[in-house]
2 protein chains.
Amino acid sequence: MDQNKEDRLEGAGWRVGNAEDFLELTPEEAAFVELKLALAHFLRDVRMQQGWTQAQTAKRLGSSQSRFAKMEAADASVSVDLLVKSLLGLGATREQVGQVIARAA
Amino acid sequence: MDQNKEDRLEGAGWRVGNAEDFLELTPEEAAFVELKLALAHFLRDVRMQQGWTQAQTAKRLGSSQSRFAKMEAADASVSVDLLVKSLLGLGATREQVGQVIARAA
DNA sequence: CCAGTATATGTCCGATCCGACATAGTCGTC
DNA sequence: GACGACTATGTCGGATCGGACATATACTGG
């Protein structure tokens, strides 16, 4: 979000922040959820890149459509383990996973 | 391990391989355990860098010496979640974690 | 040797995770 | 606006994880 938009929103009575502020997370907790979100987003990218549905992809991984949806949503009930295993299972490399975590991509 | 040593060992009746061969892991499984080992190793590095004991470090993280030992050993009972959370809790950055995973460090 | 300190290993049980199912919402096409 | 294909959300039972404790092993200085 650019600065102008922030200003306009705040001027209109909104407070602009992030998950950290709103949920009062510690910096580590915030970093952790951001990291999870990055993996989840990448998982969606990988799937879409192949033109697959959630159901297809889940099956390929030995999971279910509902769980896969939660993975892509970075639901609280999905672990980083599951995200990483799923990405590797879909053919992503360790390097790619690392880059996504490091924010580089 | 360098090639010479491998040859000598194999000549002496040893088979040289890795966890993947021995435990018959799929490539993804192997990549996953290597990734875990890299994080565990980095965790030890971070701790030693500060000159802390396992007990001290564990306490700082709200955990126990025994569990921390298992973390450093990449024990089967520790998740990537725990490793990542612990690293972030000790002050490592998302970037560093990503680099370790990507093998860069 | 022994005491003290550090690290490793085994086990328990409460907490969390995950696959599965059901169901609800979304979007395009006819 | 009904249908079909896709995605999101709620819940449950079995599986795995994690902090704690006990105990074992490793190393060091006296």
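The sequence lines fix the lettering, A, B, ..., with proteins before strands; numbering per chain opens at 1. The figures here come from the full heavy-atom set of this structure, side chains too, leaving out hydrogens, waters and symmetry mates.
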Quiz item: Does B/Arg47 have a side-chain nitrogen or oxygen under 4.0 Å from the phosphate oxygens OP1 or OP2 of C/dA6?
Solution: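 No, because none of the side-chain N or O atoms of B/Arg47 sits under 4.0 Å from OP1 or OP2 of C/dA6.
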Quiz item: For C/dA6, does OP1 or OP2 lie under 4.0 Å from any side-chain N or O of B/Thr53?
Solution: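 For C/dA6, neither OP1 nor OP2 has a side-chain N or O of B/Thr53 closer than 4.0 Å.
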Taking [atom1] from [X] and [atom2] from [N], how many angstroms apart are they, rounded to a whole number?
{"X": "A/Phe68", "N": "D/dC6", "atom1": "CZ", "atom2": "P", "answer": "14 Å"}
{"X": "B/Leu82", "N": "D/dT16", "atom1": "CG", "atom2": "P", "answer": "18 Å"}
{"X": "A/Asp75", "N": "D/dT7", "atom1": "CG", "atom2": "P", "answer": "17 Å"}
{"X": "A/Met71", "N": "D/dT9", "atom1": "CE", "atom2": "C1'", "answer": "15 Å"}
{"X": "B/Lys59", "N": "D/dG19", "atom1": "NZ", "atom2": "P", "answer": "15 Å"}

Exercise. Determine, step by step, whether A/Glu28 and B/Lys85 satisfy the side-chain contact (heavy atoms from CB on, under 4.5 Å) criterion, reporting the C-alpha distance in whole Å, the side-chain angles of both residues, the deciding distance to 0.1 Å, and the verdict.
Key: CA-CA 7 Å; A/Glu28 304 95 272; B/Lys85 280 180 186 164; over 6 Å; no
Exercise. For A/Gln96 and A/Thr93, indicate whether the former's side chain and the latter's backbone hold a donor-acceptor pair under 3.5 Å.
Key: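 Flag set: sc A/Gln96 to bb A/Thr93 pair under 3.5 Å.
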Quiz item: When you measure from the side chain of B/Lys36 to the backbone N and O of B/Leu83, does any donor-acceptor pair fall under 3.5 Å?
Solution: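 Not a single qualifying donor-acceptor pair exists.
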Quiz item: What nucleotide among D/dC17, C/dC18, C/dA8 has an atom nearest to a side-chain atom of B/Ser79?
Solution: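 Shortest atom-to-atom distance from the side chain points to D/dC17.
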Exercise. Output the single nucleotide from C/dA8, D/dT7, C/dG19 whose closest atom is nearest the side chain of A/Gln54.
Key: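 Among C/dA8, D/dT7, C/dG19, the one nearest the side chain of A/Gln54 is D/dT7.
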Quiz item: Does A/Arg67 reach the side chain of A/Met71, with side-chain heavy atoms less than 4.5 Å apart?
Solution: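 Yes, at least one pair of side-chain atoms sits under 4.5 Å.
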Quick test: give all pairs of protein nitrogen or oxygen and nucleotides 21-29 of chain D nitrogen or oxygen below 3.5 Å, distance rounded to 0.1 Å.
unit_1 : atom_1 : unit_2  : atom_2 : d
D/dC21 : N4     : B/Ser66 : OG     : 2.6

Quiz prompt | Charged N-O contact under 4.0 Å between B/Arg103 and A/Glu95 | solution =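 Answer for the salt bridge query: yes.
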Self-check item: B/Leu39 vs B/Leu43, side-chain contact (heavy atoms from CB on, under 4.5 Å): CA-CA, chis, key distance, verdict
Solution: CA-CA 6 Å; B/Leu39 290 174; B/Leu43 187 61; over 6 Å; no
Quiz prompt | Earlier contact from the 5' end, DNA chain C, for B/Glu72 and B/Lys85 | solution =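 Nearer the 5' end of the strand: B/Glu72.
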